[in-house]
2 protein chains.
Amino acid sequence: MSTAEETDGDSAPWAEVTPEAARRLLVAAVDAFAERGYHATTTRDIAGRAGMSPAALYIHYRTKEELLHRISRIGHDRALFVLEAAADGGGTAAERLAEAVRSFVRWHAERHTTARVVQYELDALGEEHRAEIVELRRRSDAVVRRIIGEGVRAGEFDVPDVPGTTLAVLSLCIDVARWFNAQGSRTPDEVGELYADLVLRMVAAKR
Amino acid sequence: MSTAEETDGDSAPWAEVTPEAARRLLVAAVDAFAERGYHATTTRDIAGRAGMSPAALYIHYRTKEELLHRISRIGHDRALFVLEAAADGGGTAAERLAEAVRSFVRWHAERHTTARVVQYELDALGEEHRAEIVELRRRSDAVVRRIIGEGVRAGEFDVPDVPGTTLAVLSLCIDVARWFNAQGSRTPDEVGELYADLVLRMVAAKR
DNA sequence: ACGGGCCCTAAGCGCTTGCTCAGGTTCGGG
DNA sequence: CCCGAACCTGAGCAAGCGCTTAGGGCCCGT
């Protein structure tokens, strides 16, 4: 009865992308964007990875930017879902903060290809699309800030600067997407555990 | 008699880039790369910002990639210098770690335009150039790891996973370049102070 | 049997890219 | 007064870019 059961939306990564061909293209785009970056990726490369001709892409997506937006939108939705699930999981503020960091970090490590695109190609999006995504990120910030604030009020935490510490916690988690390597020596679970511990130390009341 | 006096190599940012025109181009490139990213920046844009024709760029640099390499090399050298100065500053491990984080973070905040290019456009570099830069980053890692290791041995710190914590500390500092905004409410000094405190909490021995 | 909608491709359009090159300007030394 | 070196520009090349278009197979209900 953990907070994240099977509804974490990550068991079948891109199942909701409905025409199978559109999904293949999207997965190919995630790989390509994560590997080379949005601007260095060509539509020919994406289509090639999906085993199609360049023109096929434009049957399912209007532009290359729309592809990035779809990836970014779904990715942020899932990351936020994971965070909120942990935050609403009950228990002390420390337990909820630890679980939030643990699962958020695990998501960024496990799906670091997606996360890299989602977190680091943000300003390749157009004006409106970016604004939409930024709103989702503010909600992530609010979730973490709320837990820390509650912990402070309950006397569990000692945090002189709540917004600053919130920023640092999220920054720490997000940056996992940059350095995490699947071939590396740490599993996503191990990193999640390590980071949950480090974050608890950052906010712990001195005894 | 602080560790970082005026020799921090940042008082006159790009003074060592010798022909004045070459420096103008390099500064323009830093701005453009930081704003749009390496791949989204055109040589015409760089030359335009420097008030020259596109062809002028190729008198001073062989390729666009060489420009990025020069920026990356100088930036990493300076960041590493700042770190090492703090590490060799004397005092307890806690004092040295705090000073290292403080000045490293301050550098990333103050010069966040440069830092963004230096830290996030790494894999736009060619094979050899990237290898050279990666070596500099390993030295940064070694500096932080050494301080933490010494603190543990001296009984000042309680750190179950030294390499993992080192990674987290550096990740935290580096990511400042991504979110720091000059128009924001925090000064580089404030962020450095906040982060030094947070990092000390992460490694502090429980009492 | 067959017509229409759905997917897909081959070919290519218009444009921008990184980069080149012949030629012009500036300037200190003989 | 002229020369050569240092620096820069206008014009443009080949290649690659995002994206479009005309059309061909395939599968469905009727």
Side-chain angles (χ1 to χ4, degrees), chain A residues 14-72 117 121-130, chain B residues 14-72 117 121-130:
Chain A
W14 300 105
E16 76 204 65
V17 182
T18 37
E20 197 253 344
R23 179 166 53 244
R24 277 200 346 258
L25 282 165
L26 192 133
V27 169
V30 169
D31 288 347
F33 290 162
E35 213 175 294
R36 311 206 217 286
Y38 175 79
H39 289 292
T41 300
T42 68
T43 54
R44 283 165 237 265
D45 183 18
I46 297 168
R49 285 177 194 240
M52 303 183 200
S53 83
L57 197 152
Y58 292 89
I59 292 159
H60 302 280
Y61 304 94
R62 268 176 310 181
T63 62
K64 178 179 155 188
E65 194 263 358
E66 184 182 313
L67 245 176
L68 177 62
H69 173 243
R70 286 279 258 274
I71 293 167
S72 212
V117 177
E121 302 290 351
L122 206 119
D123 38 59
L125 288 169
E127 200 68 37
E128 296 172 18
H129 284 163
R130 183 169 57 248
Chain B
W14 301 105
E16 75 205 65
V17 181
T18 36
E20 197 254 343
R23 178 167 52 246
R24 279 206 338 264
L25 283 164
L26 192 133
V27 168
V30 169
D31 287 347
F33 291 162
E35 212 175 296
R36 312 206 216 286
Y38 175 79
H39 289 292
T41 300
T42 69
T43 55
R44 282 166 238 265
D45 183 18
I46 297 168
R49 285 176 194 240
M52 303 185 201
S53 82
L57 196 151
Y58 293 90
I59 291 158
H60 302 281
Y61 304 94
R62 268 176 310 182
T63 62
K64 177 180 158 189
E65 193 264 356
E66 185 183 311
L67 245 177
L68 176 62
H69 173 243
R70 286 278 257 275
I71 293 166
S72 210
V117 177
E121 301 290 351
L122 206 118
D123 39 60
L125 289 169
E127 200 69 38
E128 295 171 18
H129 285 163
R130 184 168 57 248

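Protein chains get the first letters and strands the later ones, always in sequence-line order, with residue 1 at the start of each.
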(message) Can a donor-acceptor pair be found, under 3.5 Å and without considering hydrogens, that links the side chain of B/Tyr61 to the backbone of B/Ala22?
(response)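 Pair found, side chain donor or acceptor close to backbone of B/Ala22.
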To the nearest 0.5 Å, what is the distance between [atom1] on [X] and [atom2] on [Y]?
| X | Y | atom1 | atom2 | answer |
| --- | --- | --- | --- | --- |
| B/Thr41 | B/Arg49 | OG1 | CZ | 7.0 Å |
| B/Glu121 | B/Leu68 | CD | CG | 7.0 Å |
| B/Trp14 | B/Ile71 | CH2 | CD1 | 6.0 Å |

(message) Between P on C/dG18 and CG on B/Leu68, what's the gap in Å once rounded to a whole number?
(response) 13 Å
(request) Give the first and the last nucleotide of DNA chain D, reading 5' to 3', that has any atom under 4.0 Å from a heavy atom of chain B. (result)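 Nucleotide range with atoms under 4.0 Å of chain B: D/dC8 to D/dG12.
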(request) May I have all residue pairs that pass salt bridge (charged side-chain N to carboxylate O under 4.0 Å, His left out) and include part of residues 53-64 of chain B, sequence neighbours excluded? (result)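 Passing the test, one end in residues 53-64 of chain B: B/Arg62-B/Glu66.
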(request) Only counting residues at least two apart or in another chain, list the ones meeting side-chain contact (heavy atoms from CB on, under 4.5 Å) with B/Ser72. (result)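 Checked B/Ser72 against side-chain contact (heavy atoms from CB on, under 4.5 Å); matches are B/His76, B/Leu125, B/Ile133.
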Nucleotide N/O to protein N/O under 3.5 Å, stretch nucleotides 5-9 of chain C:
| unit_1 | atom_1 | unit_2 | atom_2 | d |
| --- | --- | --- | --- | --- |
| C/dC8 | OP2 | A/His60 | NE2 | 2.6 |
| C/dT9 | OP1 | A/Ser53 | N | 3.3 |
| C/dT9 | OP2 | A/Ser53 | N | 2.8 |
| C/dT9 | OP2 | A/Ser53 | OG | 3.0 |

(request) Decide if the gap between the ring center of A/His39 and the ring center of B/His39 is smaller than 6.0 angstrom. (result)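 No, ring centres 6.0 Å or more apart.
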(request) Would you please confirm or rule out a distance under 4.0 Å between OP1 or OP2 of C/dC19 and any side-chain N or O of B/Tyr58? (result)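 Indeed, a polar side-chain atom of B/Tyr58 lies that close.
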(request) Kindly indicate, with the supporting measurements, whether the criterion side-chain contact (heavy atoms from CB on, under 4.5 Å) is fulfilled by A/Phe33 and A/Ile46. (result) CA-CA 9 Å; A/Phe33 290 162; A/Ile46 297 168; 3.9 Å; yes
(message) If you take any heavy atom closer than 4.0 Å to DNA chain D, which residues from residues 26-45 of chain A end up in contact?
(response)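 Heavy-atom contacts with DNA chain D come from A/Thr41, A/Thr42, A/Thr43, A/Arg44.
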(request) Take B/Arg36 and B/Asp45 through the side-chain contact (heavy atoms from CB on, under 4.5 Å) test and state the conclusion after the steps. (result) CA-CA 11 Å; B/Arg36 312 206 216 286; B/Asp45 183 18; 3.1 Å; yes
(request) Check salt bridge (charged side-chain N to carboxylate O under 4.0 Å, His left out) between A/Arg130 and all other residues, then give those that pass, not counting sequence neighbours. (result) A/Glu127
